[in-house]
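In what follows, a single structure is set out as structure tokens and then discussed.
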Amino acid sequence: MRVTLLQRDIVWADPEANMRRNDTLFQSDGGTDLYVFPEMFSTGFCTRPEGIAEESPSATLEWMKQKAANFGCAVAGSVAVHEQANYFNRFYFVTPDRKAVQYDKRHLFTYGGEHRTFTPGSERVIITYKGVRILPLICYDLRFPVWSRNKGDYDMAIYVASWPAPRTGVWRHLLRARAIENQCYVAGVNRCGSDPGNMYEGATVLIDPRGDIVAECPDCTESSISAEIDLGLLGEIRAGFPVLNDADDFTVGI
């Protein structure tokens with residue numbers, strides 16, 4: 001499976017402007033199977049979502065469905081949505097048949113006040129696409145390894161983020177740690193540019209199950225990277241050094 005990770009600057013609180021800018025990113029030659037956008041890619045990361053979050057089902061979700069169907073690819077990224085009096089930071093994974101799987105961010109960023117207005121998710125979601133089992137996660141989830149512990153049920157974790165520039169080093173270290181400890185591919189898709197509260201460097205990267213960088217975007221600029229998820233290599237690594245067989249047996253309380 002070929003993935004394309006999109007490191008984007010985001011126009012603050014303007015979904016229509018962001019979708020117009022993102023329209024040009026898709027290829028008609030079938031060059032990729034999955035496009036991944038950053039966290040809250042239609043609005044920017046908002047902890048005060050009133051008047052900014054989209055009503056569910058959102059216009060951005062419909063845009064994702066159209067792109068997936070028109071270009072024969074999957075499209076993923078998170079959107080701030082308002083649904084039944086609650087706000088969710090919701091990861092959508094949309095397939096070419098216009099079907100959407102959703103994951104609501106479990107770990108809300110209390111340091112930035114996200115917990116005051118958003119409702120946390122409670123379900124760990126696994127998506128299978130093109131034979132690859134994918135664990136969708138959002139930004140602050142990266143700091144909580146128990147939630148993403150590989151129980152032999154996924155091959156790639158995707159973290160979409162609005163991870164501020166002062167903590168870019170932490171972002172890089174934790175992504176590699178998650179890949180190594182879970183013997184999986186890790187895609188970290190972070191935004192660049194700025195919003196009213198922060199600057200963002202990007203550091204979008206794809207990491208293999210050994211913790212090696214497969215491809216990465218240059219810092220501080222809009223760009224993209226494309227690479228293959230090699231399930232044959234993944235199987236060889238897991239069979240040759242089967243550390244997941246010795247993992248502790250535990251469950252996560254919700």
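Since the structure is predicted, the reported quantities are computational estimates derived from the model, not experimental observations.
- Residue Ala74 comes nearest to Tyr129 through the heavy atom pair N-OH, 3.4 Å, listed as atom of the first residue, atom of the second, then distance.
- Using a cutoff of 4.0 Å between basic side-chain nitrogens and carboxylate oxygens, Arg106 and Glu123 are not scored as salt-bridged.
- Counting heavy atoms from C-beta on, the side chains of Lys105 and Glu39 come closer than 4.5 Å.
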Stepwise ring-ring contact (aromatic ring centres under 6.0 Å, His included) check, Phe88 with Phe118:
CA-CA 5 Å; Phe88 297 94; Phe118 283 84; 8.3 Å; no

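- Here Arg98 pairs with Glu62 in a salt bridge; the nearest charged N to carboxylate O distance falls below 4.0 Å.
- Contact of the Thr43 side chain with the Trp12 side chain is not registered, since no non-hydrogen atoms from C-beta on lie closer than 4.5 Å.
- Taking the side chain as every heavy atom from C-beta outward, Ile138 and His107 never approach each other to under 4.5 Å.
- A distance of 5.0 Å separates OH of Tyr159 from CG of Leu142, quoted to the nearest 0.5 Å.
- Looking at heavy atoms from C-beta onward, Arg143 lies in side-chain contact with Val170 at the 4.5 angstrom threshold.
- By the 30° and 60° cut-offs, the orientation of the rings of Trp63 relative to Phe37 is perpendicular.
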Please lay out, stage by stage, how Arg149 and Glu181 fare under the test side-chain contact (heavy atoms from CB on, under 4.5 Å).
CA-CA 8 Å; Arg149 185 62 176 167; Glu181 70 194 10; 4.0 Å; yes

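- In this structure, Phe45 is not a member of the same hydrophobic cluster as Ile52, with clusters built from ILVMFWY side-chain heavy atoms closer than 4.5 Å.
- Salt-bridge annotation for Arg124 and Asp153: present, with a side-chain N of the basic residue lying under 4.0 Å from a carboxylate O of the acidic one.
- Hydrophobic clustering of Ile, Leu, Val, Met, Phe, Trp and Tyr side chains at less than 4.5 Å, counting indirect connections, keeps Tyr111 apart from Trp147.
- For Lys67 and Asp23, the salt-bridge test passes: some basic side-chain N is under 4.0 Å from an acidic carboxylate O.
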Does the side-chain contact (heavy atoms from CB on, under 4.5 Å) test come out yes or no for Met19 and Phe41, once each step is laid out?
CA-CA 9 Å; Met19 295 310 101; Phe41 72 99; 3.6 Å; yes

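- In this structure, Leu234 and Pro209 approach most closely via the heavy-atom pair CD1-CG, 3.4 Å.
- Cluster annotation: Ile126 and Ile158 are assigned to the same hydrophobic cluster (Ile/Leu/Val/Met/Phe/Trp/Tyr, side-chain heavy-atom contacts under 4.5 Å, transitive).
- Atoms CG and CG, from Leu206 and Asp212 in turn, are 11.0 Å apart once rounded to the nearest 0.5 Å.
- To the nearest 0.5 Å, the span separating CG on Asn70 from CZ on Phe26 amounts to 9.5 Å.
- Within 6.0 Å of the CD atom in Gln84, the count of heavy atoms belonging to other residues, nucleotides or ligands does not exceed 12.
- Here the OG1-CD distance, from Thr204 to Glu222, works out to 11.0 Å after rounding to the nearest 0.5 Å.
- Formation of a donor-acceptor pair under 3.5 Å by the Arg133 side chain with backbone atoms of Gly152 is found in this model.
- Glu50 and Thr117 make their closest contact through OE2-CG2, 3.9 Å (heavy atoms, listed as atom of the first residue, atom of the second, distance).
- The OG1 atom of Thr119 lies 10.0 Å from the CD atom of Glu83; values are rounded to the nearest 0.5 Å.
- There is a path of hydrophobic side-chain contacts, each under 4.5 Å, that joins Leu137 to Val132.
- Minimum interatomic distance between Ser223 and Cys217 (heavy atoms only, all atoms of both residues): OG-CB, 3.3 Å.
- Taking 4.0 Å as the cut-off between side-chain N and carboxylate O, Lys151 and Asp249 do not count as a salt-bridged pair.
- Formation of a donor-acceptor pair under 3.5 Å by the Gln102 side chain with backbone atoms of Tyr92 is not found in this model.
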Stepwise side-chain contact (heavy atoms from CB on, under 4.5 Å) check, Val36 with Leu6:
CA-CA 6 Å; Val36 186; Leu6 300 163; over 6 Å; no

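- Judged by distance alone, the side chain of Glu114 and the main-chain N or O of Phe109 form a donor-acceptor pair under 3.5 Å.
- No donor-acceptor pair under 3.5 Å is formed between the side chain of Arg90 and the backbone N or O of Ser78.
- With Asn22 contributing its side chain and Asn18 its backbone, the two residues share a donor-acceptor pair below 3.5 Å.
- Between the side chain of Asn198 and the main chain of Pro164, no donor-acceptor pair closer than 3.5 Å is present.
- A donor-acceptor distance shorter than 3.5 angstrom exists from the side chain of Ser58 to the backbone of Leu61, with no hydrogens or angles considered.
- No hydrogens or angles considered: a donor-acceptor pair under 3.5 Å links the side chains of Ser42 and Glu54.
- Relative ring orientation between Tyr140 and Phe144 is described as perpendicular, the plane-to-plane angle rising above 60° on a 0-90° scale split at 30° and 60°.
- At least one donor-acceptor pair closer than 3.5 Å links the side chain of Asn182 to the backbone N or O of Arg178.
- Across Gly77 and Val160, no two heavy atoms sit closer than the pair CA-CG1, 4.5 Å.
- Residues Cys139 and Trp163 have side chains in contact (heavy-atom distance under 4.5 Å, counting atoms from C-beta outward).
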Could you go through the side-chain contact (heavy atoms from CB on, under 4.5 Å) check for Val243 and Arg238 one step at a time?
CA-CA 7 Å; Val243 296; Arg238 288 178 173 175; over 6 Å; no

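- Between Thr60 and Met40 there is no side-chain heavy-atom pair separated by less than 4.5 Å.
- Here the CG atom belonging to Asn89 is positioned 8.5 Å from the OG atom belonging to Ser162, to the nearest 0.5 angstrom.
- Hydrophobic clustering (side-chain heavy atoms under 4.5 Å, transitive across Ile, Leu, Val, Met, Phe, Trp, Tyr) groups Phe71 together with Val94.
- Note on residues 184-195: pairs passing side chain to side chain donor-acceptor pair (under 3.5 Å), not counting sequence neighbours, are Asp9-Arg191, Asp195-Tyr200.
- At a threshold of 4.5 Å between non-hydrogen side-chain atoms, the residues Leu34 and Thr32 do not count as touching.
- At distances below 3.5 Å, at least one donor-acceptor pair connects side-chain atoms of Gln7 with backbone N or O atoms of Thr221.
- In this structure, the side chain of Asp33 engages the main chain of Arg2 through a donor-acceptor pair within 3.5 Å.
- Across all non-hydrogen atoms, the minimal contact from Gly44 to Ile10 is N-CG2, 3.3 Å.
- Between Ser148 and Leu135 there is a side-chain heavy-atom pair separated by less than 4.5 Å.
- Gln183 and Asn150 are not linked by any side-chain donor-acceptor pair at a separation below 3.5 angstrom, with hydrogens and angles left out of the test.
- Within the structure, the side chain to side chain donor-acceptor pair (under 3.5 Å) test picks out the following pairs touching residues 164-174 (sequence neighbours left out): Thr168-Glu201, Arg172-Asp219.
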